[in-house]
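See structure below.
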Amino acid sequence: MSQSKGTLFNKHSANSLEGQLFEEALKWIYRVTGELPSGISTDRIEQVIQDIQNLFNGKFPGYLACDTRYHSFEHTLLLFPSFCQLALALFRKYPEALKPRDIELGLIAVFLHDTGYIRNVDDHSGSGAKYTFRHIDRSINFAYGYLPTIVYQEQDLVRVEQMISCTGVRPHVENINFLSEGCRLLGYALGTADILGQMSDQHYIETLPLLFLEFKEAYNYEEPESLAEMEIQRFTSEKELIQNTPTFFNNLIHKRLEDMGGVYHLLEDPQTGQNPYLEKIKENMNTISSIHF
């Protein structure tokens with residue numbers, strides 16, 4: 001990247017959780033841009049890093065600071081290790097289908113995928129959590145407004161849209177008419193990383209009450225008919241959400257991982273067959289199952 005690695009690292013205190021996650025994310029981004037052949041615009045990636053940091057911190061024109069405590073900038077940063085590992089594994093396996101430009105857009109889609117939680121400056125009611133069940137469309141709208149300002153073209157915007165559309169609880173990836181095989185694979189990588197990054201986090205269980213608060217505000221914002229159309233399960237308490245998380249993972253989320261091409265298998269250890277992210281998720285699910293409410 002045109003700016004030195006040290007300058008970017010120093011933007012956060014390494015002693016803070018966000019600083020540690022930011023440092024880890026940057027390490028993986030540098031690894032991806034370092035291992036791939038030419039074709040990635042590191043200057044644009046650097047610009048996105050700076051702009052999206054500013055967006056979440058309330059320093060981006062036209063937007064308030066992020067006020068959702070679960071879907072924070074930390075949440076976005078959690079996705080980078082698994083996404084970058086998947087991107088590199090996919091590039092090695094499908095070098096003809098996956099172009100460096102696709103991976104550049106994939107990295108940018110990671111940064112943009114939850115921008116829909118952030119309110120405009122003239123939005124004074126509630127918090128960004130009210131958009132929980134509509135944040136994907138809002139993230140895509142932000143991408144269409146923002147990316148042309150850093151000289152991305154129409155087809156680039158469509159690719160980012162399709163990748164972001166692979167996130168969320170029920171993305172219906174079978175309905176996406178991907179522009180290319182590379183776009184499809186990286187969309188699956190993003191959707192997969194969105195699951196693995198957050199659910200394998202060591203702080204995942206303690207942050208679930210924050211997720212319930214976001215759901216609660218969104219329930220009140222939406223009409224009951226809309227929630228039914230979106231097939232949204234309505235939790236009545238944080239206890240109910242936490243208790244149902246293992247079932248939610250086993251019955252819905254694991255199937256979703258398979259529906260996205262099963263790309264998570266690329267992260268399995270070739271010797272043991274174990275997936276480090278799934279192992280951590282299993283630990284979190286076992287911990288929840290052992291809690292006496």
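Applying the side chain to side chain contact (heavy atoms under 4.5 Å, CB included) criterion to Asp259, with sequence neighbours excluded, gives Lys255. Remark: Phe248 engages no residue in a ring-ring contact (aromatic ring centres under 6.0 Å, His included) (not counting sequence neighbours). Partners of Tyr221 according to the ring-ring contact (aromatic ring centres under 6.0 Å, His included) rule, which considers only residues two or more places apart in sequence or in another chain, are Tyr131.
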- Would you check, one step at a time, whether the test side-chain hydrogen bond (donor to acceptor under 3.5 Å, both in side chains) holds for Asp114 with His75? CA-CA 9 Å; Asp114 274 344; His75 167 84; 3.0 Å; yes
- Task: Walk me through it: do Phe80 and Phe111 pass the test ring-ring contact (aromatic ring centres under 6.0 Å, His included)?
- Result: CA-CA 9 Å; Phe80 277 96; Phe111 275 111; 4.6 Å; yes
- Go through the steps to decide whether Phe142 and Phe60 satisfy the test ring-ring contact (aromatic ring centres under 6.0 Å, His included), and finish with yes or no. CA-CA 12 Å; Phe142 177 84; Phe60 192 91; 5.8 Å; yes
- Message: Set out, in order, the CA-CA distance, both residues' side-chain angles and the distance that settles side-chain contact (heavy atoms from CB on, under 4.5 Å) for Cys84 and Leu107, then state yes or no.
- Response: CA-CA 8 Å; Cys84 290; Leu107 292 169; 3.9 Å; yes
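Within the structure, every pair that satisfies the salt bridge (charged side-chain N to carboxylate O under 4.0 Å, His left out) test and touches residues 269-288, not counting sequence neighbours, is listed here: Glu279-Lys282.
The existence of a salt bridge linking Asp123 and Lys130 is confirmed by a sub-4.0 Å separation between a basic side-chain nitrogen and an acidic carboxylate oxygen.
Judged by the 6.0 Å distance and 45° axis criteria, Arg44 is positioned over the aromatic ring of Tyr152.
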Expected list for residues 185-197: side-chain donor-acceptor pairs under 3.5 angstrom, two or more places apart:
from   : atom 1 : to     : atom 2 : distance (Å)
Thr192 : OG1    : Tyr188 : O      : 2.7

Ignoring hydrogens and angles, write down the donor-acceptor pairs under 3.5 Å from the side chains of residues 85-96, residues two or more places apart or on other chains.
from  : atom 1 : to     : atom 2 : distance (Å)
Gln85 : NE2    : Pro81  : O      : 3.0
Gln85 : NE2    : Tyr277 : OH     : 2.6
Arg92 : NH2    : Glu35  : OE1    : 2.9

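Counting only N and O atoms by type, the side chains of Tyr146 and Asp51 include a donor and acceptor under 3.5 Å apart.
Counting only heavy atoms from C-beta outward, the side chains of Tyr117 and Arg138 never approach each other to under 4.5 Å. Inter-residue side-chain proximity for Arg134 and Ser226 is flagged as met; some heavy-atom pair is nearer than 4.5 Å.
Taking each heavy atom of Pro148 and Leu157 in turn, the nearest pair found is CG-CD2, 3.8 Å.
Checking each of Ile253, Leu211, Leu208, Asn250 against Thr245 for a side-chain contact (heavy atoms from CB on, under 4.5 Å) leaves exactly one that passes, namely Leu208.
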